[in-house]
Amino acid sequence: MCAYISNVDSSDPSCTSGEHAAATKGRKRKAGKTKQIFELVDEPGHVLVQSKDQITAGNAVRKDQMEGKAAIANKTTSCVFKLLQDAGFKTAFVRQHSETAFVASRCEMIPIEWVCRRIATGSFLKRNPGVKEGYRFSPLKMEMFFKDDANNDPQWSEEQLLAAGFELAGLTIGRCEVDIMSKSTVAIFEVLEKAWATQDCTLVDMKIEFGVNVTTKEIVLADVIDNDSWRLWPAGDRSQQKDKQVYRDLKEVTPEAMQMVKRNFEWVAERVKLLLESQAKGRVVVLMGSTSDVAHCEKIRKACGSYGIPCHLRVTSAHKGPDETLRIKAEYEGDGVPTIFVAVAGRSNGLGPVMSGNTAYPVINCPPITPDWGAQDIWSSLRMPSGLGCSTVLSPEAAAQFAAQILGLNDHLVWARLRASMLNTWVSLKQADKKLQECSL
């Protein structure tokens with residue numbers, strides 16, 4: 001059994017999501033090549049994942065000590081899982097316990113490595129002769145490998161996984177669960193790929209594992225994601241690779257070579273912290289024609305908050321005070337922050353058209369529809385004079401989502417929340433269908 005990663009780094013504020021909490025280590029549950037897992041006496045349902053200063057390759061055919069690796073791996077893992085958990089992915093992540101260990105929800109691990117590839121390299125080329133290195137997979141290439149060291153982790157098909165009928169923590173791994181893990185792997189890769197692109201670094205491929213949370217019985221991302229888990233090519237250049245492949249490729253393991261490998265791991269650990277920072281923080285400014293529309297606007301602000309987008313509410317009337325409307329517009333245009341204006345005006349919507357005709361920033365109409373004249377009033381938002389490009393979205397939540405999709409083009413953290421939200425909606429539908437089918441049977 002293994003568990004998931006702690007996202008809280010008590011030694012590094014950039015990877016901390018809560019107060020540091022002590023944990024009393026109990027008996028050892030498992031010892032692996034690069035980590036050990038212990039029960040926690042004071043926290044039933046949680047475990048402590050302790051990293052080692054050991055680096056291995058080829059199912060530990062090659063293994064060496066690398067002083068400081070445990071701390072480097074723990075820092076990398078903590079930051080990666082903070083990014084994913086903050087986006088909305090379900091993980092076993094709890095908190096970082098120390099420089100080299102983290103607390104995780106206890107999981108029964110599904111013995112499959114899910115591998116996602118954007119670029120063909122490594123073992124894929126050996127198994128698929130004729131494919132040239134550098135071939136780009138669009139859509140992503142998904143592969144599964146059964147965790148079996150004695151047989152060098154053989155590749156499995158989806159059919160083999162279904163036929164295995166694994167039952168873990170009371171959950172049988174069937175079609176629904178396999179589909180959830182497959183969809184989740186792609187979404188997780190895409191989020192990390194976009195995050196690393198902000199550092200001009202290509203995420204080439206990645207392996208992850210899932211477990212069943214013994215308490216909630218949910219499938220969650222588990223184990224670790226550190227520099228052993230992926231290939232990273234700065235500027236898309238393999239000769240600059242910073243991942244464990246450098247260690248695998250060593251013809252001779254010398255102290256000098258191990259120092260080079262360690263510097264690469266440190267390079268990744270330092271830059272992974274930057275993935276938690278927005279590169280182009282934007283905002284939404286909601287302009288309402290009257291305070292009677294505050295409740296409608298608050299729904300927009302709340303939805304923006306779910307994507308991590310600051311949202312400002314202002315009151316102005318393009319009919320009654322066009323000069324003030326344009327002054328407010330100029331106030332937000334003048335500081336260089338990417339801004340989307342949302343116009344909320346009932347009856348005759350003058351706000352949206354006036355804003356659209358006087359700014360190059362995106363404008364979204366989100367009129368509050370009333371039961372009496374709503375069908376007629378909507379036309380003032382839909383039929384625009386020529387030269388105006390504002391869109392119209394009736395739902396406050398959908399207007400916020402549309403704004404997030406625009407800002408997410410240049411903000412990987414907003415995009416990550418959108419991507420996780422898409423996945424979670426899909427998973428909910430999948431699970432609802434499974435439950436309905438079980439009831440019907």
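One-based numbering along the sequence shown. As the structure is a computational prediction, the values presented were derived from the model and not from experiment.
- For NZ of K430, the number of neighbouring non-hydrogen atoms (other residues, nucleotides, ligands) closer than 6.0 Å is greater than 12.
- In this structure, the side chains of V41 and K25 stay at 4.5 Å or more apart for every pair of heavy atoms.
- Distance alone, capped at 3.5 Å, places no donor-acceptor pair between the S356 side chain and the G352 backbone.
- In Y135, the OH atom is not crowded: 12 or fewer heavy atoms of neighbouring residues, nucleotides or ligands sit closer than 6.0 Å.
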From CA spacing to verdict: side chain to side chain contact (heavy atoms under 4.5 Å, CB included), M144, L161: CA-CA 9 Å; M144 291 177 286; L161 177 51; 3.6 Å; yes
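- Side-chain contact between F137 and R117 is present, with at least one heavy-atom pair separated by less than 4.5 Å.
- In this structure, D205 pairs ionically with R231, as a charged nitrogen and a carboxylate oxygen lie closer than 4.0 Å.
- A ring-centre distance under 6.0 Å is not found for Y247 and F265.
- For NZ of K299, the number of neighbouring non-hydrogen atoms (other residues, nucleotides, ligands) closer than 6.0 Å is 12 at most.
- Remark: K434 engages E177 in a salt bridge, criterion side-chain N to carboxylate O under 4.0 Å.
- No more than 12 heavy atoms of other residues, nucleotides or ligands sit less than 6.0 Å from atom CZ of F402.
- The aromatic rings of W267 and W196 lie parallel to each other, with less than 30° between the two planes, well short of the 60° mark.
- The backbone N or O of V178 sits nowhere less than 3.5 Å from a side-chain atom of S182 that would complete a donor-acceptor pair.
- Between the side chains of R271 and Q199, no donor-acceptor pair is found at a separation under 3.5 Å.
- With respect to the salt-bridge test (charged N to carboxylate O, under 4.0 angstrom), the residues D411 and K194 do not qualify.
- Taking each heavy atom of A403 and I364 in turn, the nearest pair found is N-CD1, 4.0 Å.
- With values rounded to the nearest 0.5 angstrom, L394 atom CG is found 4.5 Å from I378 atom CD1.
- Side chains of E333 and T359: a donor on one and an acceptor on the other come within 3.5 Å.
- At least one side-chain heavy atom of P367 sits under 4.5 Å from a side-chain heavy atom of I369.
- Of all the heavy atoms in C297 and V286, the pair that sits closest is SG-CG1, 3.6 Å.
- Using cut-offs of 30° and 60° on the angle between ring planes, the pair F166 and W156 is parallel.
- The closest side-chain heavy-atom distance from T215 to S105 is not below 4.5 Å.
- Atom CZ of R283 is surrounded by more than 12 heavy atoms from other residues, nucleotides or ligands within 6.0 Å.
- In this model, a donor atom of one side chain and an acceptor atom of the other lie less than 3.5 Å apart for T316 and T325.
- Across V204 and F189, no two heavy atoms sit closer than the pair O-CZ, 4.0 Å.
- Salt bridge R419/E190: present, at least one basic N to carboxylate O contact under 4.0 Å.
- Checking side-chain atoms of T100 against main-chain N and O of A70 turns up no donor-acceptor pair under 3.5 Å.
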Audit row: M181, I173, side chain to side chain contact (heavy atoms under 4.5 Å, CB included) steps and yes/no: CA-CA 10 Å; M181 288 186 283; I173 306 304; 3.9 Å; yes
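- Side-chain atoms of N365 and N349 form a donor-acceptor pair, as typed in the model, at a separation below 3.5 Å.
- When all heavy atoms are compared, the tightest approach of N264 to N227 is O-ND2, 4.3 Å.
- Salt-bridge check for R127 with E143: passed, with a basic side-chain N closer than 4.0 Å to an acidic carboxylate O.
- In this structure, L287 and V342 have side chains that are not in contact, with every pair of non-hydrogen atoms separated by 4.5 Å or more.
- The residues E209 and K147 are annotated as salt-bridged, a charged nitrogen and a carboxylate oxygen being separated by less than 4.0 angstrom.
- Atom CE of M206 and atom CG of D243 lie 13.0 Å apart (nearest 0.5 Å).
- Salt bridge status for E270 with K75: present, with a side-chain N to carboxylate O gap under 4.0 Å.
- A donor-acceptor pair under 3.5 Å is absent between the side-chain atoms of T172 and the main chain of G174, judged by distance alone.
- Of the options K207, K69, R248, a salt bridge (Lys or Arg N to Asp or Glu O under 4.0 Å) to D228 is made by K69 and by none of the others.
- Residues V284 and P310 fail the side-chain proximity criterion, which asks for heavy atoms closer than 4.5 Å.
- A salt bridge does not link K183 with D179: every distance from a Lys NZ or Arg NE/NH1/NH2 to an Asp or Glu carboxylate oxygen is 4.0 Å or more.
- Residues V414 and A404 share a closest heavy-atom pair of CG1-O, 3.4 Å.
- A salt bridge links K35 with D223: the closest approach of a Lys/Arg side-chain nitrogen to an acidic carboxylate oxygen falls below 4.0 angstrom.
- Inter-residue side-chain proximity for F38 and V47 is flagged as unmet; no heavy-atom pair is nearer than 4.5 Å.
- The pair R175-D433 does not meet the salt-bridge criterion, since no charged nitrogen lies less than 4.0 angstrom from a carboxylate oxygen.
- Note that the CG atom of D42 and the NE2 atom of H46 stand 12.5 Å from one another [nearest 0.5 Å].
- Rounded to the nearest 0.5 angstrom, M288 CE and T291 OG1 are separated by 8.0 Å.
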From CA spacing to verdict: salt bridge (charged side-chain N to carboxylate O under 4.0 Å, His left out), R263, E266: CA-CA 5 Å; R263 284 194 300 270; E266 290 172 334; over 6 Å; no
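- Electrostatic pairing of E324 and R327 counts as a salt bridge here, judged by a charged N lying under 4.0 Å from a carboxylate O.
- Between Q279 atom CD and H412 atom NE2 the span is 6.0 Å, to the nearest 0.5 Å.
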Residues L413, S278; criterion side chain to side chain contact (heavy atoms under 4.5 Å, CB included); working and verdict: CA-CA 6 Å; L413 297 181; S278 173; 4.2 Å; yes
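- Going from atom CD1 of I328 over to atom CZ of F341 covers 9.5 Å, rounded to the nearest 0.5 Å.
- At a threshold of 4.0 Å, the pair R106-E43 does not count as salt-bridged, since none of the basic side-chain nitrogens sits closer than that to a carboxylate oxygen.
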Check against salt bridge (charged side-chain N to carboxylate O under 4.0 Å, His left out), E331 and R314: CA-CA 12 Å; E331 176 184 332; R314 302 295 296 268; 3.2 Å; yes
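- Crowding of K435 atom NZ: a count of heavy atoms from other residues, nucleotides or ligands under 6.0 Å not exceeding 12.
- Between the side chain of T198 and the backbone N or O of L275, no donor-acceptor pair lies under 3.5 Å.
- The shortest side-chain heavy-atom distance between T34 and S51 does not fall under the 4.5 Å cut-off.
- When every heavy atom of V337 is checked against every heavy atom of G282, the shortest pair comes out as CG1-CA, 4.1 Å.
- In terms of modelled atom types and a separation under 3.5 Å, the side chain of S98 and the main chain of A101 share a donor-acceptor contact.
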Audit row: C390, M384, side chain to side chain contact (heavy atoms under 4.5 Å, CB included) steps and yes/no: CA-CA 8 Å; C390 48; M384 297 285 107; 3.4 Å; yes
